[in-house]
Undergrad: 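Attaching a single structure in structure tokens format; questions to follow.
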Amino acid sequence: MKLNWFSPLFPAKTDIAHYTLRLLPALSQQCEVELWTTNDNYDSKINELARVNVYDLNAINWSQINQADINIYNIGNNQEFHQAIWKVSQHCPGIVVLHDLRLQGLFGGIYKSENDLDSYLQQMLYYYGPDGRKIGELFWKGEISGDFVVEQFPLTPLAIRNAKGVISHSHYAYQMLKEQNLSSTGYIPLPYSTIKKSPNVVERLNNHPYQLIIFGFISTNRRLETILEALASFSNKSCFKLDIYGEIWDTSYIQQKIQNLGLTDLVTIKGFVPENELDKALSQADISFNLRYPTMGEASASQLRIWSHGLPSLVTPVGWYADLPENTVAYVRIGNEIEDIHYHLQHYIENPDNYHAIGKNGQSWLIENHQPELCATAMLKFITEVCQASLYPTARYLIEKSVREMQDYFKSDTYSLDLQRLAQVIYFFR
């Protein structure tokens with residue numbers, strides 16, 4: 001099977017580029033993959049795993065694209081990385097890998113970049129009626145909260161309206177998509193294989209003051225302001241230091257807030273750093289903040305990275321996070337954030353072993369559920385099912401009959417993608 005895989009590529013500053021890189025070695029061992037990107041500034045080592053096509057949306061080679069069995073479109077919330085991918089998907093249907101469940105940010109960014117208010121309002125009217133159109137007008141003018149619009153008017157159907165199938169990485173997103181009566185919807189966990197050795201308990205116990213960390217692409221929904229307010233009002237705040245890694249939506253504003261709260265000695269903005277430096281920081285941290293509200297419905301690669309270090313984390317019990325085993329994370333409730341943060345910080349001081357156990361449980365969960373080989377196999381099975389669903393009923397019947405007969409011949413109960421593909425070849429070239 002040959003796949004066209006549309007995605008930003010490493011080192012693009014989006015975790016979807018990391019997702020592709022984590023999955024690609026296992027995926028390329030099971031099928032032929034061609035990568036498609038609009039940015040030629042990608043890591044040249046990727047060429048060793050798959051052919052890379054750098055395309056211009058205004059001069060795309062449709063003939064080459066149509067030579068694959070199916071196109072896979074990775075869609076996230078950043079207009080910079082996903083505008084071209086979405087536009088190709090509207091011309092050539094395929095499978096959408098949905099990395100965010102609420103995509104108002106993507107489509108608002110696309111239409112604003114094109115200064116196309118009319119088209120944006122038409123979409124808001126189509127999916128949400130006259131109220132949606134009015135909200136769209138206010139949002140375009142900056143007169144209404146972005147969090148409210150993202151939560152109530154996500155525009156996600158616009159991303160998948162032309163899709164043959166949709167893949168999500170969380171049970172939460174999967175259920176919401178099924179409720180929209182999409183016939184081909186699959187749940188496949190995020191892949192993550194790198195398991196880091198974290199410091200042992202004695203090293204962490206001797207690390208005083210205790211090290212807190214937050215990292216990633218930090219927008220307002222990551223609750224950084226609330227974290228700072230909680231730390232500032234915590235009676236034992238001198239027992240902790242907080243490092244902030246990654247890109248902040250408004251660095252100047254956060255710097256001023258740190259100063260106003262009297263936290264300049266306890267909080268440091270590290271900014272965007274190389275991968276190995278971030279991994280070193282995670283291996284030396286004691287607690288990670290990974291709060292999300294409102295959630296975009298996404299699974300969190302950041303959480304997988306935290307678990308890979310056996311690091312305990314504080315998360316918001318919404319979306320994907322609400323489905324996690326309770327012994328793998330520590331929850332901070334919406335509406336009780338400062339109170340719950342104080343609770344966890346105080347209990348870490350009193351009994352850090354309980355939190356170390358949470359981090360180790362998370363590491364075990366990661367190993368058991370997120371290996372790239374398992375994710376690649378599940379994805380190819382879903383892709384095969386989507387491709388087969390587009391066949392005529394007679395073709396589907398004969399192909400499945402051939403698979404069953406070959407299974408009997410080889411005395412195997414295992415459903416094999418190789419047998420499925422062989423049966424299709426037999427049918428189409430009989």
Side-chain angles (χ1 to χ4, degrees), residues 1-12 14 16-76 78-99 106 110 113-114 158-167 184 186 188 376 379-392 395 399 417-418 420-422 424-425 427-429:
M1 177 175 286
K2 182 177 179 180
L3 310 179
N4 285 327
W5 186 273
F6 289 80
S7 173
L9 299 181
F10 185 80
T14 165
I16 297 173
H18 290 267
Y19 164 77
T20 290
L21 192 58
R22 290 166 186 151
L23 186 62
L24 186 58
L27 192 62
S28 60
Q29 287 182 358
Q30 300 187 44
C31 67
E32 182 183 353
V33 181
E34 283 203 16
L35 302 172
W36 293 78
T37 180
T38 56
N39 189 350
D40 59 5
N41 185 29
Y42 62 88
D43 189 336
S44 61
K45 292 181 180 178
I46 296 175
N47 291 309
E48 300 172 8
L49 298 171
R51 176 179 175 177
V52 180
N53 301 288
V54 179
Y55 68 96
D56 180 345
L57 190 59
N58 297 315
I60 194 164
N61 189 338
W62 293 108
S63 175
Q64 183 181 356
I65 287 177
N66 289 329
Q67 292 174 19
D69 292 290
I70 197 164
N71 297 336
I72 312 297
Y73 300 107
N74 288 275
I75 302 291
N78 190 312
Q79 172 258 332
E80 176 186 356
F81 298 119
H82 301 285
Q83 177 170 344
I85 295 175
W86 174 70
K87 291 205 168 187
V88 174
S89 76
Q90 299 307 290
H91 291 284
C92 191
I95 293 175
V96 171
V97 182
L98 203 60
H99 293 272
L106 169 65
I110 288 174
S113 71
E114 298 173 346
L158 184 54
I160 59 179
R161 68 180 179 185
N162 211 29
K164 294 182 177 180
V166 182
I167 292 172
S184 297
I188 300 172
M379 174 169 283
L380 279 174
K381 187 174 188 300
F382 176 77
I383 290 170
T384 301
E385 291 170 354
V386 170
C387 291
Q388 183 181 351
S390 64
L391 300 173
Y392 291 113
I399 289 170
L417 288 172
D418 290 331
Q420 173 74 30
R421 288 193 287 271
L422 179 57
Q424 290 187 27
V425 170
Y427 174 79
F428 285 111
F429 293 96

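We're numbering straight along the sequence, starting at 1. What you see is a predicted model; the values in this text were computed from it and never measured.
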Undergrad: After noting the C-alpha distance and the side-chain angles of Ile16 and Asn78, does the key distance pass the side-chain contact (heavy atoms from CB on, under 4.5 Å) rule?
TA: CA-CA 10 Å; Ile16 297 173; Asn78 190 312; over 6 Å; no
Undergrad: So do Leu23 and Met379 actually touch side chain to side chain, heavy atoms under 4.5 Å?
TA: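 Sidechains of Leu23 and Met379: in contact.
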Undergrad: Quick one: are Leu21 and Ile46 in side-chain contact, heavy atoms under 4.5 Å?
TA: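 In contact.
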Undergrad: side-chain contact (heavy atoms from CB on, under 4.5 Å) for Tyr42 and Leu35? Distances and angles first, verdict last.
TA: CA-CA 11 Å; Tyr42 62 88; Leu35 302 172; over 6 Å; no
Undergrad: I need the minimum non-hydrogen distance between Asn61 and Trp36, along with the two atoms involved.
TA: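 Looking at all heavy atoms of both residues, the shortest contact is O-CH2, 4.4 Å.
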Undergrad: Provide the closest heavy-atom pair for Ala68 versus Leu3 in the form atom of the first, atom of the second, distance.
TA: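 What the structure gives for the nearest pair is CB-C, 4.3 Å.
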Undergrad: What are the two closest non-hydrogen atoms of Gln83 and Ser113, and how far apart are they?
TA: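 What the structure gives for the nearest pair is OE1-OG, 3.5 Å.
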Undergrad: Just so I know, are the side chains of Ser28 and Trp5 near enough to count as touching, which here means a heavy-atom distance under 4.5 Å?
TA: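 No; the side chains remain at least 4.5 Å from each other.
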Undergrad: Checking side chain to side chain contact (heavy atoms under 4.5 Å, CB included) between Ile167 and each of Ile72, Ile95, Leu98, which is the one that passes?
TA: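 The side chain to side chain contact (heavy atoms under 4.5 Å, CB included) with Ile167 is passed solely by Ile95 among Ile72, Ile95, Leu98.
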Undergrad: With Phe6, which of Val97, Asn74, Asn71, Val96 fulfils side chain to side chain contact (heavy atoms under 4.5 Å, CB included)?
TA: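 Filter result, single survivor: Asn71.
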Undergrad: Say whether, by atom type as modelled, one donor and one acceptor occur between the side chain of Trp86 and the main chain of Leu158 under 3.5 angstrom.
TA: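 Indeed, once roles are kept as given, a pair shorter than 3.5 Å links the two residues.
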Undergrad: In Å and rounded to the nearest 0.5 Å, what is the CD to CG distance from Glu34 to Asn4?
TA: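 With rounding to 0.5 Å, CD (Glu34) is 6.0 Å from CG (Asn4).
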Undergrad: Does Asn162 use its side chain to pair, donor to acceptor, with the backbone of Gln90 at less than 3.5 Å?
TA: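 Checked: pair present.
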